[in-house]
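Notes to accompany the following structure.
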Amino acid sequence: TAGITQAPTSQILAAGRSMTLRCTQDMRHNAMYWYRQDLGLGLRLIHYSNTAGTTGKGEVPDGYSVSRANTDDFPLTLASAVPSQTSVYFCASSDLPGGGYGYTFGSGTRLTVV
Amino acid sequence: GENVEQHPSTLSVQEGDSAVIKCTYSDSASNYFPWYKQELGKRPQLIIDIRSNVGEKKDQRIAVTLNKTAKHFSLHITETQPEDSAVYFCAASIGTNAGKSTFGDGTTLTVKP
């Protein structure tokens with residue numbers, strides 16, 4: 001089934017450790033995004049990528065980094081996790097030739113930093 | 001940057017009644033307004049969207065209206081059913097700005113049988 005795959009589904013991580021959240025899409029969408037979802041705060045953009053080879057910062061980028069080596073993959077790395085990064089992380093993609101299209105979301109990664 | 005406010009934060013209706021969720025946005029350059037439904041423990045899913053050159057769009061029991069002058073848009077669900085119970089998010093984006101969407105904080109809709 002076409003769509004976005006995120007891994008892992010959930011993770012408990014010790015503070016100070018690093019971790020990479022994986023995101024892969026098979027729809028050949030140009031744009032990809034990482035959001036975090038916290039109770040009462042909706043979805044906040046961490047980083048995004050218009051196309052392979054380019055990335056940009058969103059609303060809450062501190063403590064996170066991304067790369068976009070190819071169209072399909074958009075991993076999110078936490079270099080040194082802190083408890084405030086406990087959240088549900090959603091990867092999304094959009095077929096974006098500049099017109100603005102709705103997102104397809106992955107199933108999310110629930111991360112707990114202890 | 002863009003700011004999206006969504007009201008109400010919670011909404012409870014009887015089955016068969018209508019539900020209305022309202023959002024306002026701040027950036028007049030925004031031109032794409034999607035709505036997402038998120039069931040408990042699941043991913044958000046796009047249910048309807050509207051572009052700035054359209055005032056209203058309808059899809060079965062769901063409709064969205066847009067008032068660009070006032071910078072607000074609304075989701076209307078008619079003949080609500082228990083399976084409509086979920087969190088609904090509005091969003092606003094500028095098509096030329098990487099399609100980045102700014103989301104409202106969500107509305108928890110409960111449809112009572």
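Convention: sequence-line order gives letters A, B, ...; per-chain numbering from 1.
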Top of B:Ser101, B:Ser9, B:Gly1, B:Ala91 for chain A proximity - count of heavy-atom pairs under 4.5 angstrom: B:Ser101
Heavy-atom pairs under 4.5 Å with chain A, option from B:Gln38, B:Lys42, B:Gln6 with the top count: B:Gln38
Heavy-atom contact with chain B under 4.5 Å, split by part of A:Gln37: side chain
Region of A:Phe90 in contact with chain B, defined by heavy-atom distances below 4.5 Å: side chain
Contact leader toward chain B among A:Leu45, A:Leu43, A:Thr104, where contacts are heavy-atom pairs under 4.5 Å: A:Leu43
Which of A:Gly106, A:Ala92, A:Gly108, A:Gly58 touches chain B most, by non-hydrogen pairs under 4.5 Å: A:Gly106
Listed once per pair and sorted, the salt bridge (Lys or Arg N to Asp or Glu O under 4.0 Å) pairs that draw on residues 36-47 of chain A, sequence neighbours left out: A:Arg36-A:Asp38, A:Asp38-A:Arg44
Option passing side chain to side chain contact (heavy atoms under 4.5 Å, CB included) with A:Tyr33 (candidates A:Ser93, A:Cys23, A:Ser94): A:Ser94
B:Glu79 atom CD, neighbour heavy-atom count above 12 within 6.0 Å: no
A:Thr112 and A:Gln11: side chain donor to acceptor below 3.5 Å: no
Closest contact, heavy atoms only, A:Ala52 versus A:Thr71: CB-N, 3.9 Å
